[in-house]
Amino acid sequence: MELSHRVQSLTPSSTLAISAKAKELRDMGHDVIGLGVGEPDFNTPAYIIQAAKKAMDEGLTKYTASGGIIELKKAIIEKFTNDHQLAYTTNQVIVTTGAKYALYALCQVLLNDGDEVIIPTPYWVSYPEHVKLAGGEPVYVEGLEENDFKITKEQLEQVITNKTKALIINSPSNPTGMMYSKDELQALGEVCIKHNILIISDEIYEKLIYSDDEHISIAQLSNELKEQTVIINGVSKSHAMTGWRIGYAVGPTNIIKAMTNHASHATSNPTSIAQYAALEAYANKRENEKINAEMREVFSARLDAFYELIQSIPGITCEKPKGAFYIFPNVIEAAKLNGFQTVDEWVTALLEEEKVALVPGSGFGAPNNVRLSYATSMELLEEAAKRIKRFVLNNQ
């Protein structure tokens, strides 16, 4: 039985490939350090877990509204009011089974065959796949390293056609950890308004920032931009709730209604228990601020130390990120020093020889780079940097 053309068009995940190889080596008894993880190494805070238990004890285990419980929608609205001075109504909010599904459903309700979505590179691996599954065409624009991997309004203008439907912005970014400034967002936003392009703003890492830079949502810059933006977010990164699968989207009423209709057939509703856990994550403001501050302090200290160690390795250059929990160094010179033609080959050899698992940048649209997650202990980060340096020096 032949599979659909949509599924056959998907690009295999480089993250999963390297993870499978790392698991194979671990199963053979090797001491493998994995730096490919895309989730905080904190457990979900106890106050959130208790809220889930309470929901179960109270029998809140049934179907909910497809777009999420009203209490959680109101908590999300209050979050946007407090954080960005943005006002939304409950029919402008959908709670989803993870932020990934919010992005998927948005592409499904937005795109027709041949519609184009502009995706800056480097990008999160699922962006182009969501577009392709909806029949759309990803259009890539290179965020240059000398511009902190960000695109400019001039670059954006050059790729817009009469088929352009949307632009995806991710700030802070996965995989680079870089952020767009207010002025940069304003410039991109003006181009989108001019050409009537929807802005998809992925803000999942907004609480994980380690510089003095303020997170700016492009929707807060003007009423026009708010009306032309769908914001994607969730509790996975901010509250160490990756497995709970609660995300959400806020935006124009007609788009949110369409996404809710899609969800009613695709997932019925987000898991009831997880919704009540997410409600507590936002409603308990004191504990909310506490966990956000704790995670920022830990990740910031790791970033400072790990960045210096990676920077000291010959043939590796790296811009220091401002958020998320990744660094995204350029390692092509190190790969060439070691006799490899591609970074993918270098990553495979590093795993086999020194048992350090990195994610090659080719999966993010940046083949000269690798993504390293520092969502692990400082002890393991120091050992990983030691092994990478040894590998580079021993293979010259």
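Just so you know, these numbers use all the heavy atoms, side chains as well, and skip hydrogens, waters and symmetry mates.
- Panel note: side chain Glu184, backbone Ser181; a donor-acceptor pair is recorded below 3.5 Å.
- Taking the centre and axis of the six-membered ring of Phe328, the NZ or CZ atom of Arg371 falls outside the cone set by 45° and 6.0 Å.
- When ring centroids are compared, Phe80 and Tyr88 come within the 6.0 Å threshold.
- Sequence neighbours left out, the pairs with a member in residues 264-303 that pass ring-ring contact (aromatic ring centres under 6.0 Å, His included) are Phe42-Phe299, His239-Tyr282, Phe299-Phe325.
- Salt bridge status for Arg387 with Asp31: present, with a side-chain N to carboxylate O gap under 4.0 Å.
- Every residue was checked against the salt bridge (Lys or Arg N to Asp or Glu O under 4.0 Å) condition with Lys389, not counting sequence neighbours, and none meets it.
- A salt bridge is absent between Lys320 and Asp148; no separation between the charged side-chain nitrogens and carboxylate oxygens falls under 4.0 Å.
- A salt bridge links Glu157 with Lys194; the closest basic N to acidic carboxylate O contact falls under 4.0 Å.
- A salt bridge links Lys79 with Glu206: at least one charged nitrogen is closer than 4.0 Å to a carboxylate oxygen.
- Screening Ile119, Leu156, Val117 for a side chain to side chain contact (heavy atoms under 4.5 Å, CB included) involving Leu167 leaves a single residue, Leu156.
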Acceptor/donor pairs from residues 250-257 side chains to any protein atom, 3.5 angstrom cut, sequence neighbours excluded:
none

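- Remark: Glu379 CD is loosely packed, at most 12 non-hydrogen atoms of other residues, nucleotides or ligands lying under 6.0 Å away.
- The shortest distance between side-chain heavy atoms of Val37 and Thr376 does not fall below 4.5 Å.
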Compile the donor-acceptor pairs under 3.5 Å between side chains in residues 333-343 and protein atoms, sequence neighbours left out, one pair per line.
unit_1, atom_1, unit_2, atom_2, d
Asn338, OD1, Trp346, NE1, 2.8
Asn338, ND2, Val392, O, 2.9
Thr342, OG1, Glu345, N, 3.1

Can you give me every donor-acceptor pair (side chain of residues 57-70, partner residue at least two apart or in another chain, under 3.5 Å) with its distance?
unit_1, atom_1, unit_2, atom_2, d
Glu58, OE2, Lys54, NZ, 2.7
Thr64, OG1, Gln275, NE2, 3.0
Ser66, OG, Ser268, O, 2.8

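- Residue pairs that meet the salt bridge (Lys or Arg N to Asp or Glu O under 4.0 Å) test with at least one member in residues 231-248, sequence neighbours left out, do not exist here.
- Using a 4.0 Å cut-off between charged side-chain N and carboxylate O, Asp83 and Lys207 make a salt bridge.
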